[in-house]
Amino acid sequence: MGQGAAKREIDKGTRLYGEQKFDAAINEWKSALRRMTKKEKLPDKFNTLNYLCMAYFDTGKYREVIACANQQLEMLNSKTMCNNADFMQEAYFNLARGYEKLSEFKKSISYAKGCIEKEQNNENAKDIMSFATICLAKAYHGLSDFYNAINNFDSVLNKTENNPSLHMRFLVFESLGQLFSKLKDYDTAHLYYDRCLDIILQDAVTLAKYKRRIQCQIALPMLHMGRFNDAMEQCELSMKDAMLRADRPVQARCLFTFAEIHRKRKDFERSFPRYESAYALFVEMGDRLNQVEVLGGMAKCMAALKDFEQAIEINHKANQLAEEIGNKIGLLDCNIRLAELYILTGNSFAAHQCEESLSRLTAELELFCGIKKLENAIEINHKANQLAEEIGNKIGILDCNIRLAELYILTGNSFAAHQCEESLSRLTAELELFCGVCGESMGQIPEHLDKLQCGHLIHSKCTPHLARYTWGRKGRKRPCPSCRNRSSGNPVLSR
């Protein structure tokens, strides 16, 4: 009676899982497990633990994935299962993908290799080997070992050329999209995500649950390509579906992307709370790789608000996490931001230390070809700067110095970067490129500006603040904050 009930609960759980009702499916499978008390039912129990691993993985409960996989390993020591090679392969795969999501990349690599090296006794084992190879590649990506990551992704694609598996190809293209996005090649990342969406259209039934994941991920390249509205639309669609399905990993990524969109729009009041919410979810799930990325966004927010002390503190926290998990590209990003912050705060010794770390990390990541390109970029910028000086084009000189400061930081030349930043301050003052409302500089990053009747410019985002105070008590117009002249051309009032 109990065994029959257990089978019905397993079948019901499978149906609910197919409907993406993950929590309900988990409850059914857990109930079925409690009914399986006989030793001869160990294979059924093992398979039910497999189902639980899938559902826990989809809902971001990665520690539970590890717990279930360890239970599977314990069962394999029994006489009934006697270290069955196929079951061992499945347990190793569950451990590999659980540890990869918990940013325990070296453990993930070890278990993924163990899974791949097991004997291939059936077709299912071959599929698991391909899934394990993708997991292995993702773990290498987590360690910023892009060479091994790409080689393993390619090996899966080569295997599926003659016998194409849409699911495998989808997972590889998604992972390559993430890799190129991390390396800031947003055009290529977008291309891979587009290919993922095409694959979903070909098998909408099996791959339906992945659509929200891709919608969320494609939003980030869109954002960096300047397509703010498209990025917001994709992210909203993704978040709506993720909330409906209790998909915490996608919810967390959506919150991070929302925060990035608001930060790019200079709306820090909306941006920072979303970073905090995303960070809390990633901490709860144990996803430290994404924690590093969120902390990076929070640090940029604080730097933009001129709270350099807080920005440095957050960057150090991100740096420590990246070091713990061995994520070198995360360490590189943290040190770039810290070098810039230390230069801004006048701490040349700390900036120099960051630049030394940058040189070492760049060498370890084998980005020498990138350094060569940076040197060429510096040479071209100097030529442009010289031409701009000859013709007296101050805005051209400003643009050159902005680019040169960034390039010198990347190549570890803090003295030259500091000189460029001094030139930037002088030129900004000469050109009067300060917003009279907020006091921030203009013309250094893409942003919308409004012109007052007196000829001064202010940020478009600052016009509502000026509108509130345009009229005095006697109906007289308040002055422009820059020149103190009466400004009847307030852009908000005249629209």
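Hydrogens, waters and symmetry mates play no part in the numbers below; they use all other heavy atoms, side chains included. Because the structure is predicted, anything quoted here is derived from the model rather than measured.
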Worksheet entry | Ring centres under 6.0 angstrom apart (Y62, Y56) | no

Worksheet item: Which one of M222, Q215, Q217 satisfies the side chain to side chain contact (heavy atoms under 4.5 Å, CB included) criterion with Y193?
Response: Q217

Discussion item. Among residues at least two apart in sequence or on other chains, which ones pass side chain to side chain donor-acceptor pair (under 3.5 Å) with E284?
Written reply: R248

Discussion item. Please find the pair of heavy atoms, one from M168 and one from I134, that lie closest to each other, and give the distance.
Written reply: O-CD1, 4.0 Å

Response to the item:
All heavy atoms of C420 vs all of L404, minimum pair found to be SG-CB, 3.7 Å

Fill in: Stepwise side-chain hydrogen bond (donor to acceptor under 3.5 Å, both in side chains) check, N148 with D145
CA-CA 6 Å; N148 276 316; D145 185 346; 2.8 Å; yes

Worksheet item: Centroid-to-centroid, H167 to F131, below 6.0 Å?
Response: yes

Item to complete: Evaluate the side-chain hydrogen bond (donor to acceptor under 3.5 Å, both in side chains) criterion for residues E260 and Y275: first the C-alpha distance (whole Å), next the side-chain angles of each, then the deciding distance (0.1 Å), finally the verdict.
Response: CA-CA 8 Å; E260 289 283 280; Y275 280 128; 2.3 Å; yes

Item to complete: Compare every heavy atom of M285 with every heavy atom of L102, then report the nearest pair and how far apart it is.
Response: CD2-O, 3.5 Å

Worksheet item: Does the side chain of R97 reach to within under 4.5 Å of the side chain of F57, using non-hydrogen atoms?
Response: yes

Discussion item. Working note: D247 + R212, criterion side-chain contact (heavy atoms from CB on, under 4.5 Å); need CA distance, chi angles, decisive distance, verdict.
Written reply: CA-CA 9 Å; D247 188 337; R212 59 179 171 271; 2.8 Å; yes

Worksheet item: Any sub-3.5 Å donor-acceptor pair from S181's side-chain atoms to A189's backbone N or O?
Response: no

Worksheet entry | Residue pair F258 / M239, side-chain heavy-atom distance below 4.5 Å | yes

Fill in: Inter-residue atom distance I325.CD1 - L143.CG, 0.5 Å rounding
8.5 Å

Worksheet item: Do D287 and N290 have side-chain atoms, one donor and one acceptor, less than 3.5 Å apart?
Response: yes

Practice prompt. Return the minimal non-hydrogen interatomic distance between Y140 and A149, and the atom names on each side.
Written response: CB-N, 3.8 Å

Worksheet item: Can you find a pair of side-chain heavy atoms, one from S277 and one from Y279, that are under 4.5 Å apart?
Response: no

Item to complete: Decide yes or no on side-chain contact (heavy atoms from CB on, under 4.5 Å) for I402 and L424, but give the supporting numbers first.
Response: CA-CA 7 Å; I402 289 168; L424 278 173; 3.3 Å; yes

Worksheet item: Can you list every salt bridge (Lys or Arg N to Asp or Glu O under 4.0 Å) pair that touches residues 416-426, not counting sequence neighbours?
Response: R426-E430

Practice prompt. Could you check if a side-chain atom of Q178 sits within less than 4.5 angstrom of a side-chain atom of K138, using non-hydrogen atoms only?
Written response: yes

